[in-house]
Visitor: 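Have a look at the structure that comes next, please.
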Amino acid sequence: MGNHSVIVLDFETSGLSPSLGDRVIEVGAVRLEGGRIVERFQGLMNPGFRVSSFIEGYTGISNAMLAEAPPAAEVMRRFAGFIGETPLVAHNASFDRRFLDAELERLRLARSQEMACSMLVARRVYPDAPGHSLEALVRHKRLPTDGVHHRALADAEMTGHLWLRMIADLQAEYRLNAVPFALLQRLSKVSKAAAPAWLRQAATP
DNA sequence: TGCCAGGCCCTCTTTAGGGCCTT
């Protein structure tokens with residue numbers, strides 16, 4: 001767990017909004033270090049109610065599977081220990097951030113680290129990609145995949161490979177020695193139009 | 001009762017609307 005550790009996470013949930021009562025039903029995460037995946041975390045969790053048939057079909061996670069899973073509080077407490085204060089990444093992070101903070105709040109815990117968005121970064125690094133969904137980017141960049149989609153660990157692994165690929169492509173294109181988390185976090189907040197000039201400036205020694 | 005996500009980004013924009021992206 002060195003200074004350059006990053007954790008890429010993905011949640012499957014019962015719906016789109018924690019403010020409407022939706023809960024996390026599965027968490028998947030990978031730790032990236034030295035340009036590769038060095039650790040994994042996966043857990044199904046019981047939200048305490050039945051999820052819709054849409055969610056069962058979308059994720060392949062059935063109510064029978066959730067009924068046998070440990071309570072969300074137990075799994076999320078373990079996950080909070082796993083992530084510690086390591087910087088976080090997610091695809092469309094505003095979605096996962098809302099759920100993470102809502103689940104931590106239930107445990108009387110709070111997130112302390114920054115959370116970056118691979119989708120906002122991808123829109124700036126690959127502006128001409130046919131789409132910026134995780135699936136479209138995996139196909140476009142021919143990233144490693146086992147073909148599973150909409151399961152937490154599989155999506156976290158694909159997002160991890162996307163994150164590593166964007167770092168490598170930026171290093172090559174702008175001749176950067178390193179692309180730290182903080183640079184990508186700042187890039188995601190630069191306007192799309194200003195991003196190329198901003199990157200050239202960032203690359204100037 | 002019926003309705004309810006939310007942020008980014010583009011454009012025929014800013015006194016707005018709609019697609020993308022996440023489940």
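These numbers were taken from a predicted model, which means no experiment stands behind them. Proteins get letters first, then strands, A, B, ... in listed order; numbering begins at 1 in each.
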Visitor: Do we get Arg23(A) above Phe11(A)'s six-membered ring, with its NZ or CZ under 6.0 Å from the centre and within 45° of the axis?
Guide: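 Checked: cation-pi criterion not met.
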Visitor: Between dA5(B) and dT23(B), how far apart are the C1' atoms? Round to whole Å, please.
Guide: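 So the two C1' atoms sit 11 Å from each other.
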Visitor: Under 4.0 Å, heavy atoms only, any strand: does Ser191(A) hit a base, just the sugar-phosphate, or nothing?
Guide: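 Result for Ser191(A) = nothing.
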Visitor: Could you measure between the two C1' atoms, the one in dC9(B) and the one in dC4(B), and give it in whole Å?
Guide: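 Approximately 24 Å lies between the C1' atom of dC9(B) and that of dC4(B).
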Visitor: Would you check if there is a donor-acceptor pair between the side chains of Thr159(A) and His91(A) at a distance under 3.5 Å?
Guide: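 Short answer, no.
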Visitor: With sugar-phosphate meaning primed atoms plus P, OP1 and OP2, does Leu120(A) contact a base, only sugar-phosphate, or nothing at under 4.0 Å between heavy atoms?
Guide: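 Sugar-phosphate contact only.
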Visitor: What distance, rounded to whole Å, do you find between the two P atoms, one in dC3(B) and one in dG7(B)?
Guide: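 Going atom to atom, P in each nucleotide, I get 23 Å.
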Visitor: Grab the CZ-P distance between Arg97(A) and dA5(B) for me, whole Å please.
Guide: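 It is 19 Å, rounded to the nearest whole Å.
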Visitor: Round to the nearest Å and state the distance from Met115(A) atom CE to dC8(B) atom P.
Guide: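 For the pair Met115(A) CE and dC8(B) P, the rounded distance is 14 Å.
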Visitor: Considering only the P atoms, how many Å lie between dG17(B) and dT13(B), rounded to the nearest integer?
Guide: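 About 12 Å, rounded to a whole number of Å.
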Visitor: Where does the angle between the aromatic ring planes of Tyr126(A) and His140(A) fall among parallel (under 30°), tilted (30 to 60°) and perpendicular (over 60°)?
Guide: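 Aromatic pair Tyr126(A)/His140(A) classed perpendicular.
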Visitor: For Arg151(A), answer base if it contacts any base atom (sugar-phosphate contacts may also be present), sugar-phosphate if it contacts only those atoms, and nothing otherwise; contact means non-hydrogen atoms under 4.0 Å.
Guide: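 Here Arg151(A) touches no strand at all.
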Visitor: How many Å lie between CG on Asp101(A) and P on dG7(B), as a whole number?
Guide: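 Rounding to the nearest Å, CG of Asp101(A) and P of dG7(B) are 13 Å apart.
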Visitor: Could you tell me the separation between the CG atom of Leu100(A) and the C1' atom of dT23(B), rounded to a whole number of Å?
Guide: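 So the CG-C1' distance, Leu100(A) to dT23(B), works out to 16 Å.
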Visitor: Go through the side-chain N and O atoms of Glu85(A) and Gln113(A) and say whether any donor and acceptor fall under 3.5 Å apart.
Guide: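 Judged by distance alone, the side chains do not pair up.
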Visitor: Rounding to an integer number of Å, can you tell me how far Asp128(A) CG sits from dC10(B) C1'?
Guide: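 Rounded to whole Å, this separation is 15 Å.
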Visitor: Atom pairs, N/O to N/O, protein against nucleotides 18-22 of chain B, distance under 3.5 Å?
Guide:
| residue | atom | partner | partner atom | Å |
| --- | --- | --- | --- | --- |
| dC21(B) | OP1 | His132(A) | N | 2.5 |
| dC21(B) | OP1 | Ser133(A) | N | 3.4 |
| dC21(B) | O2 | Asn92(A) | ND2 | 2.7 |
| dT22(B) | OP1 | Leu134(A) | N | 2.7 |
| dT22(B) | O4' | Asn92(A) | ND2 | 2.9 |

Visitor: Taking atom C1' in both dG18(B) and dC12(B), what distance in whole Å separates the two?
Guide: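 Those two atoms are separated by 13 Å.
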Visitor: I'd like a table of atom pairs between the protein and nucleotides 12-14 of chain B - only N or O on both sides, under 3.5 Å - with the distance next to each one.
Guide:
none

Visitor: May I ask you to decide whether Glu26(A) forms a salt bridge with Arg151(A), counting only side-chain N to carboxylate O separations under 4.0 Å?
Guide: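 Between Arg151(A) and Glu26(A) there is a salt bridge, with a charged N closer than 4.0 Å to a carboxylate O.
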Visitor: Whole angstrom is fine here: how far is it from CD in Glu103(A) over to P in dT23(B)?
Guide: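 Atom-to-atom, Glu103(A) to dT23(B), this comes out as 16 Å.
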Visitor: Are Val8(A) and Arg31(A) side-chain neighbours, meaning at least one heavy-atom pair lies under 4.5 Å?
Guide: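 Not touching, per the 4.5 Å side-chain cut-off.
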Visitor: Between Arg165(A) and Asp169(A), is there a salt bridge with N-O shorter than 4.0 Å?
Guide: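 Salt bridge between Asp169(A) and Arg165(A), a charged N being under 4.0 Å from a carboxylate O: yes.
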